[in-house]
Amino acid sequence: QVQLVESGGGLVQAGGSLGLSCAASGRTFSSYAMGWFRQAPGKEREFVASIGRSTANTYYSDSVKGRFTISRDNAKNTVYLQMNSLKPEDTAVYYCAARAYGGSFSRPSEVNYWGQGTQVTVSS
């Protein structure tokens, strides 16, 4: 069992930056691939980024590639999402996700554990 707790959401102007963190419980964090998804009102949950158990393997959606960076610190049981050049269309609840087996992922069906979500609002 893994519990995920996100932090760092908030309100930012377009073009600004924001960093999210996700702290995981348990002693097996390094065995999980980790990721971020987001869900805007009235829309389905969509993939943002993921990182494999090895920090060398990262994967991004086309909509955030070049603007967002996912990273992890296994010593701190934490995964991060640095968001730069934010746009109003990035407004959503952002969810941390963990996958127990395999590498980086992009589908909600591949997720074993979800965080509670943190709101990110980008004003124009």
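For the single chain, residues carry numbers from 1 onward in sequence order. All values reported here derive from a predicted model rather than from experimental measurement. Excluded from the calculations below are hydrogen atoms, water molecules and symmetry mates; all remaining heavy atoms, backbone and side chain alike, are included.
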With V120, which of V93, D90, L20, T91 fulfils side chain to side chain contact (heavy atoms under 4.5 Å, CB included)? L20
I70 and F105: same hydrophobic cluster, using ILVMFWY side-chain contacts below 4.5 Å? no
If every non-hydrogen atom of V2 is compared with every non-hydrogen atom of A24, which pair is closest and at what distance? CG1-CB, 4.2 Å
Would you compute the distance between atom CZ of R53 and atom OG of S31 and round it to the nearest 0.5 angstrom? 7.0 Å
Let me confirm one number: the CH2-CZ distance from W114 to F37, rounded to the nearest 0.5 Å. 4.5 Å
Shortest non-hydrogen contact from P88 toward S124: CG-CB, 3.8 Å
Here the salt bridge (charged side-chain N to carboxylate O under 4.0 Å, His left out) pairs for residues 102-121, sequence neighbours left out, are R99-E110, R107-E110
Locate the shortest heavy-atom distance separating V79 from C96; write the atom from each residue and the value. CG1-SG, 3.8 Å
Where is the tightest heavy-atom contact between A100 and N112, given as atom of each residue plus distance? N-OD1, 2.6 Å
Might you confirm whether atom CD of Q3 has over 12 heavy atoms from other residues, nucleotides or ligands at distances under 6.0 Å? no
To the nearest 0.5 Å, what is the distance between OG1 on T118 and CG on L81? 11.0 Å
Starting from V12, can I reach Y94 by hopping between I/L/V/M/F/W/Y residues whose side chains sit under 4.5 Å apart? yes
Let me confirm one number: the OG-CG distance from S104 to N57, rounded to the nearest 0.5 Å. 6.0 Å
So Y60 and R67, do their side chains get closer than 4.5 Å, heavy atoms only? no
Nearest heavy-atom approach of Q82 to S17 is NE2-CB, 3.9 Å
On a heavy-atom basis, the closest approach of Y32 and A98 is CD2-CB, 4.1 Å
Is there a path of hydrophobic side-chain contacts, each under 4.5 Å between heavy atoms, that joins V64 and Y80? no
In this structure, CG of N77 is separated from SG of C22 (nearest 0.5 Å) by 10.0 Å
For the CZ atom of F68 and the CH2 atom of W36, what is their distance to the nearest 0.5 Å? 11.0 Å
With the 4.5 Å side-chain cut-off for hydrophobic clustering, are Y113 and M34 part of the same group? yes
Quick note, salt bridge (charged side-chain N to carboxylate O under 4.0 Å, His left out) partners involving residues 115-124, not counting sequence neighbours, are none
For residues F29 and Y95: do they belong to one hydrophobic cluster (side chain heavy atoms under 4.5 Å, members Ile, Leu, Val, Met, Phe, Trp, Tyr)? no
So, does E6 use its side chain to make a donor-acceptor pair with the main chain of Q116 at under 3.5 Å? yes
Does some side-chain heavy atom of R38 sit less than 4.5 Å from a side-chain heavy atom of S61? no
